[in-house]
Amino acid sequence: MQKLLQVKELRTSFFTYAGEVKAVRGVDFDVHRGEAVGFVGESGCGKSVTMLSVMDILDDVGKIVGGSILFEGVELTALSEKKMQAIRGNQISMIFQDPMTSLNPVYTVGNQMVEHQVRHSKIARSEARRRAIDMLELVGLPQPEERIRQYPHEFSGGMRQRAMIAMALVTGPKLLIADEPTTALDVTIQAQILEVMKDVRKELNTSIILITHDLGVVASLCDRVNVMYGGKIVESAQAMELYRHPGHPYTVGLLQSVPNPAKKSKERLVPIEGQPPDLLKPPEGCPFAPRCPHTMRICQQKMPPAFPSGEGHSVACWLPLKQKEEAHDA
């Protein structure tokens with residue numbers, strides 16, 4: 001498969017009054033054309049900041065301090081703001097967590113969708129309106145000809161999220177970044193939104209990056225999963241491989257802390273004790289070491305590289321290597 005997005009050694013920091021917060025610390029990942037890739041982890045682990053870096057929409061105190069972001073072979077970190085604007089919202093679109101704050105309350109949904117297209121595609125407003133109606137229909141909004149004349153406050157939460165997906169897709173982007181698109185929705189609407197995203201991916205061959213805390217959402221949509229912790233990717237694998245054979249203790253902890261509907265017997269959920277690391281003073285070793293039940297001395301001294309753990313599966317943990325060495329010695 002052809003690589004659409006290639007991120008290498010990305011490092012992003014926030015320069016605050018308290019010091020430099022190293023939010024993203026050397027992240028590597030790829031996204032292929034038509035592929036859905038999930039990013040999971042606790043709040044503050046660097047998922048959203050990684051994608052804001054890709055979009056180049058960090059706030060004033062945020063800055064990419066190193067690494068490479070290649071989109072179709074073009075180095076995004078080297079582009080001017082004007083050239084980046086031609087890509088942002090056009091070839092790469094993003095759905096933010098709260099659709100109510102992302103939509104302008106004083107303009108109709110249709111007006112916002114039309115303006116978005118006219119700015120990026122330079123098409124006639126009549127054509128932009130027709131495409132907006134078609135896209136609202138594609139994402140499952142009933143009576144799109146009527147809805148396009150309504151304001152965001154006249155939509156329910158699920159309808160606003162569908163409108164945000166439609167707006168993100170109306171320019172035909174090659175990559176859609178969805179940041180917690182189902183967080184504020186009830187489970188029924190969540191399932192509907194996920195079906196919309198599946199349909200969109202199938203119809204338009206759009207690549208998707210999904211940021212979420214919900215491992216169930218990842219299983220239903222994504223081909224591959226990257227697990228982030230402490231500003232780093234600690235495990236990467238095909239979705240089903242990750243669920244069947246998690247390699248990093250943090251991934252195991254995430255899976256143990258959510259109910260498994262496939263199991264017939266009841267089981268107690270096991271929380272991950274402790275707190276994420278302070279990225280003002282990130283640890284020299286593995287960031288999960290203080291919370292890990294298998295911590296060794298080397299874990300506290302040196303960050304492990306990503307060791308291969310099967311085809312397309314890598315784990316940044318000293319434990320699998322230790323187990324392999326013990327098995328070899330035996």
(request) Please examine the side chains of Ile208 and Val31, heavy atoms only from C-beta on, and report whether any two atoms are closer than 4.5 Å. (result) no
(message) Is it the case that the side chain of Asp179 and the backbone of Ile95 share a donor-acceptor pair, with hydrogens and angles ignored and the cut-off at 3.5 Å?
(response) no
(message) The criterion is salt bridge (charged side-chain N to carboxylate O under 4.0 Å, His left out); which residues satisfy it with Glu81, sequence neighbours excluded?
(response) Arg88
(request) Using a 4.5 Å cut-off on heavy atoms from C-beta on, say whether the side chain of Leu138 contacts that of Asp199. (result) no
(message) Run the side chain to side chain contact (heavy atoms under 4.5 Å, CB included) test against Arg125 and tell me which residues pass, sequence neighbours left out.
(response) Asn111, Val114, Glu115, Val118
(message) For Asp134, give me all partners under salt bridge (charged side-chain N to carboxylate O under 4.0 Å, His left out), at least two apart in sequence or on another chain.
(response) Arg130
(message) Suppose we screen for side-chain hydrogen bond (donor to acceptor under 3.5 Å, both in side chains). Which residues come up paired with Thr171, at least two apart in sequence or across chains?
(response) none
(request) Step through the shown structure and confirm whether more than 12 heavy atoms of other residues, nucleotides or ligands are within 6.0 Å of NZ on Lys198. (result) yes
(request) Could you tell me whether the side chain of Gln117 reaches within less than 4.5 Å of the side chain of Glu127, counting heavy atoms only? (result) no
(request) State, yes or no, whether a side-chain contact exists between Met55 and Ile92 at a heavy-atom distance under 4.5 Å. (result) yes
(request) Ignoring hydrogens and angles, tell me if any N or O in the side chain of Gln161 forms a donor-acceptor pair with the backbone of Pro181 under 3.5 Å. (result) yes
(message) Atom CG of residue position Asp60 - does it have more than 12 heavy atoms of other residues, nucleotides or ligands inside 6.0 Å?
(response) no
(message) My understanding is that only residues two or more places apart in sequence, or in another chain, count here; which of them pass ring pair (Phe, Tyr, Trp, His ring centres under 6.0 Å) with Phe29?
(response) Phe39
(request) Using a 4.5 Å cut-off on heavy atoms from C-beta on, say whether the side chain of Met228 contacts that of Ile233. (result) yes
(request) Supply the members, apart from Tyr151, of the Ile/Leu/Val/Met/Phe/Trp/Tyr cluster built from side-chain contacts under 4.5 Å; use none for a lone residue. (result) none
(message) Whether the side chain of Thr295 engages the backbone of Ala289 through a donor-acceptor N/O pair (distance < 3.5 Å, no angle test) should be reported.
(response) yes
(request) Kindly write out the residues that satisfy side-chain hydrogen bond (donor to acceptor under 3.5 Å, both in side chains) with Arg201, not counting sequence neighbours, or none if the list is empty. (result) Asp223
(request) For the pair Val225 and Thr251, evaluate side chain to side chain contact (heavy atoms under 4.5 Å, CB included) and give the outcome as yes or no after the intermediate values. (result) CA-CA 11 Å; Val225 185; Thr251 309; over 6 Å; no
(request) Take atom NZ of Lys8 as the centre, draw a 6.0 Å sphere, and report whether it contains more than 12 heavy atoms from other residues, nucleotides or ligands. (result) yes
(request) Check ring pair (Phe, Tyr, Trp, His ring centres under 6.0 Å) between His313 and all other residues, then give those that pass, not counting sequence neighbours. (result) none
(request) May I ask you to decide if Gly247's main-chain N or O and Glu235's side chain share a donor-acceptor pair within less than 3.5 Å? (result) yes
(request) Can you sort out the partners of Lys174 under side chain to side chain contact (heavy atoms under 4.5 Å, CB included), two or more places apart, ordered by chain and number? (result) Leu4, Arg33, Phe71, Glu72, Gln91
(request) Report the residues that fulfil side-chain hydrogen bond (donor to acceptor under 3.5 Å, both in side chains) with Ser93, sequence neighbours left out, ordered by chain and then residue number. (result) none
(request) Check whether any side-chain heavy atom of Cys286 sits under 4.5 Å from a side-chain heavy atom of His248, and report yes or no. (result) yes
(message) Determine whether a donor-acceptor pair (N or O, by modelled atom type, separation under 3.5 Å) exists between the side chain of Lys47 and the backbone of Glu42.
(response) yes
(message) Quick test of your reading: applying ring pair (Phe, Tyr, Trp, His ring centres under 6.0 Å), list the pairs with at least one residue in residues 219-239, sequence neighbours left out, ordered by first then second residue.
(response) Tyr229-Tyr250, Tyr229-Phe288
(request) State which residues pass side-chain hydrogen bond (donor to acceptor under 3.5 Å, both in side chains) with Thr77; sequence neighbours excluded, sorted by chain then number. (result) Glu75
(message) Around atom CZ of Phe15, are there more than 12 heavy atoms from other residues, nucleotides or ligands closer than 6.0 Å?
(response) yes
(message) Within the structure provided, determine whether Leu279 and Phe14 are in side-chain contact (heavy-atom separation under 4.5 Å).
(response) no
(request) Without swapping roles, check the side chain of Arg224 against the backbone of Asp30 for a donor-acceptor pair under 3.5 Å. (result) yes
(request) Would you confirm whether Glu180, through its side chain, and His213, through its main-chain N or O, come within 3.5 Å as a donor-acceptor pair? (result) yes
(request) May I ask you to decide if His32's main-chain N or O and Ser207's side chain share a donor-acceptor pair within less than 3.5 Å? (result) yes
(message) Is any side-chain heavy atom of Pro249 closer than 4.5 Å to one of Cys317?
(response) yes
(request) Verify, without hydrogens or angle tests, whether Arg25 (side chain) and Lys232 (backbone) share a donor-acceptor contact under 3.5 angstrom. (result) no
(message) For Glu273, is there any backbone N or O sitting under 3.5 Å from a side-chain donor or acceptor partner on Arg291?
(response) yes
